[in-house]
Number of protein chains: 2
Amino acid sequence: MSITGGNGSGKIRILIADDHEMVLDVFAMYLSSASDMEVTTGKTLDEALDHITASGPFDVVLLDLNMPGMNGVSGLRRAIRINGGKPVAIITGNPTPRMLDEIMNAGSSGIVLKTTGVRSLANAIRFMYAGEHYMPLELVRERHNAGRTTKNGRLSDKEMMVLSYLAEGKQNKEIANDLKLAEPTIKMHVTSICKKLSATNRTQAVIVARDLGLI
Amino acid sequence: MSITGGNGSGKIRILIADDHEMVLDVFAMYLSSASDMEVTTGKTLDEALDHITASGPFDVVLLDLNMPGMNGVSGLRRAIRINGGKPVAIITGNPTPRMLDEIMNAGSSGIVLKTTGVRSLANAIRFMYAGEHYMPLELVRERHNAGRTTKNGRLSDKEMMVLSYLAEGKQNKEIANDLKLAEPTIKMHVTSICKKLSATNRTQAVIVARDLGLI
DNA sequence: AATGTTACCATACTTAGGTATGGGATGGCA
DNA sequence: TGCCATCCCATACCTAAGTATGGTAACATT
């Protein structure tokens with residue numbers, strides 16, 4: 001992708017979709033005042049996709065992760081497919097470590113935090129427009145450390161991995177398939193997770209983990 | 001409280017705290033352009049409280065529900081106590097029915113949704129400044145239905161009861177003892193709950209229920 | 001009085017979850 | 001080098017969870 005590439009008008013065409021109308025208002029107000037950007041907005045994934053099919057791929061697409069129609073990363077994949085190779089990024093508040101992985105693995109061009117001010121947002125957009133992958137520093141740092149320490153010891157990488165599956169209600173067999181491990185191994189991890197979280201079963205483990213902010 | 005009451009400058013003094021800096025930017029940009037408002041912002045509850053103690057109660061205080069330091073409504077109560085009778089409201093994305101009750105019972109002056117545009121926000125603020133309680137229509141409607149309705153039917157009283165036990169990670173036998181019912185009956189309820197919540201097992205049911213705000 | 005809904009209990013069965021134990025491989029570190 | 005933690009796999013066993021089916025009773029609606 002060319003850094004200077006663009007459309008006829010010379011402006012970067014940006015598409016933003018979020019069900020928080022307030023956030024859309026930020027973009028409409030701030031980014032449009034940046035003379036080199038032209039912003040289109042939507043409130044659902046379908047609205048966003050309609051915009052793309054109607055007027056062609058945008059130079060940068062920003063999608064809220066929790067917006068109607070997204071269904072996690074599956075909506076992201078749809079958008080990436082439709083936007084013809086141009087960057088699609090996610091905008092969200094507090095992504096879980098696992099969501100981060102999924103988002104980046106799905107081929108997203110980056111992640112923008114709502115805890116970030118609008119000023120750095122414009123920079124992030126230009127960065128992704130140039131073909132780079134953008135991720136806030138605090139996420140990179142947090143990503144590996146995370147909370148994960150409990151009074152009964154800290155959770156290992158694999159345990160965190162398994163925990164994130166538990167948090168989706170997956171069963172051992174599914175987890176084993178996904179992680180290419182044997183089911184007994186998963187059971188072992190689950191048992192270990194429960195011990196460390198002082199939970200008596202997987203359901204309690206998920207509850208505790210959510211309350212602790214581990215996931 | 002006087003409708004026209006204010007401070008010396010004649011402007012409505014507004015304090016807004018949210019860890020999403022983007023949201024703060026909206027206020028800073030939009031509301032300050034409304035000539036009768038003067039906006040102060042913060043990123044945590046403590047910052048907000050510091051502002052209040054430093055410069056006295058604000059005419060309207062808006063607090064994000066999920067911001068660091070809030071701990072649900074307990075942070076709200078603290079703010080209300082400190083702000084000396086002047087209105088304190090909550091700003092949030094998707095509040096659960098239970099949260100709504102707690103918020104209003106805690107003495108909040110209202111709830112502002114992030115799904116609302118900034119324009120109606122200014123009106124909401126003036127409304128609360130006049131001593132009224134503000135709540136978006138869509139919330140009032142939802143509230144009466146008491147959540148509990150899903151696309152596959154609504155949960156019965158017993159099912160809600162059982163669900164609340166599931167949400168604590170209790171097992172069928174415990175629930176049966178507590179509710180003085182037979183274990184098979186509990187199993188049946190669990191199965192029914194899972195169907196209505198489109199979950200495949202109890203753990204998923206809990207997750208879905210939490211996300212839907214049923215518990 | 002018939003119908004529908006909800007709640008309740010039971011038996012039987014299959015699958016999933018959790019525990020206990022043991023062993024092998026890796027890699028960091030004292 | 002030996003020690004320790006982590007990760008991985010396996011077998012066996014028992015309990016919990018979930019499904020299927022069928023039946024009784026209370027109660028409100030029609």
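What you are looking at is a predicted structure, and each value in this text was computed from that prediction instead of being measured. All chains are named by letter (A, B, ...) in the order of the sequence lines, taking the proteins before the strands, and each is independently numbered beginning at 1.
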### Query
OP1 or OP2 of D/dT6 sitting under 4.0 Å from any side-chain N/O of A/Lys158?
no
### Message
So, OP1 or OP2 of D/dA17: does either fall under 4.0 Å of a side-chain N or O from B/Asn172?
### Response
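B/Asn172 to D/dA17 OP1/OP2: side-chain N or O found under 4.0 Å.
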### Query
B/Gly169 and A/Asn201: which non-hydrogen atoms are nearest, and at how many Å?
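Heavy atoms only, the tightest pair is O-ND2, 2.9 Å.
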For [X] and [N], give me the distance from atom [atom1] to atom [atom2], rounded to whole Å.
X	N	atom1	atom2	value
A/Ile193	D/dC7	CD1	P	10 Å
B/Gln204	D/dG18	CD	C1'	14 Å
A/Arg202	D/dG18	CZ	C1'	14 Å
B/Asn201	C/dG17	CG	P	7 Å
A/Leu155	D/dA5	CG	C1'	15 Å
B/Lys195	D/dG18	NZ	C1'	10 Å
B/Asn177	D/dA16	CG	C1'	14 Å
A/Lys173	D/dG18	NZ	C1'	14 Å

How many angstroms lie between [atom1] in [X] and [atom2] in [Y], if you round to the nearest 0.5 Å?
X	Y	atom1	atom2	value
B/Phe58	B/Ile14	CZ	CD1	10.0 Å
B/Leu121	B/Phe127	CG	CZ	14.0 Å
A/Ile207	A/Leu197	CD1	CG	11.5 Å
B/Glu159	B/Ile193	CD	CD1	5.5 Å

### Query
Can you find a pair of side-chain heavy atoms, one from B/Ile175 and one from B/Glu183, that are under 4.5 Å apart?
no
### Note, B/Arg78 side chain near B/Leu49 side chain (heavy atom, < 4.5 Å)
yes
#### Entry: Contact list for DNA chain D against residues 179-192 of chain B - heavy-atom distance below 4.0 Å
B/Lys187, B/Val190, B/Thr191
### Five-pair end axes of the helix from C/dA1-D/dT30 to C/dA30-D/dT1, angle between them (10°)
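Angle reported: 40°, given to the nearest ten degrees.
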### Query
Do side-chain atoms of A/Ser55 reach the backbone of A/Ile52 as a donor and acceptor pair under 3.5 angstrom?
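Such a contact is absent between A/Ser55 side chain and A/Ile52 backbone.
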### Task
Mark yes or no for whether A/Thr185, through its side chain, and A/Leu181, through its backbone, hold a donor-acceptor pair below 3.5 Å.
no
### Query
Salt bridge check: are B/Asp19 and A/Lys114 linked by an N-O gap of less than 4.0 Å?
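Salt bridge flag = no for A/Lys114 with B/Asp19.
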### Task
May I ask you to say whether B/Lys86 pairs ionically with B/Asp59, meaning some side-chain N is under 4.0 Å from a carboxylate O?
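A salt bridge links B/Lys86 with B/Asp59.
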### Message
Heavy atoms within less than 4.0 Å of DNA chain C: which residues of residues 161-168 of chain B have one? Give them sorted by number.
### Response
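Contacting residues: none.
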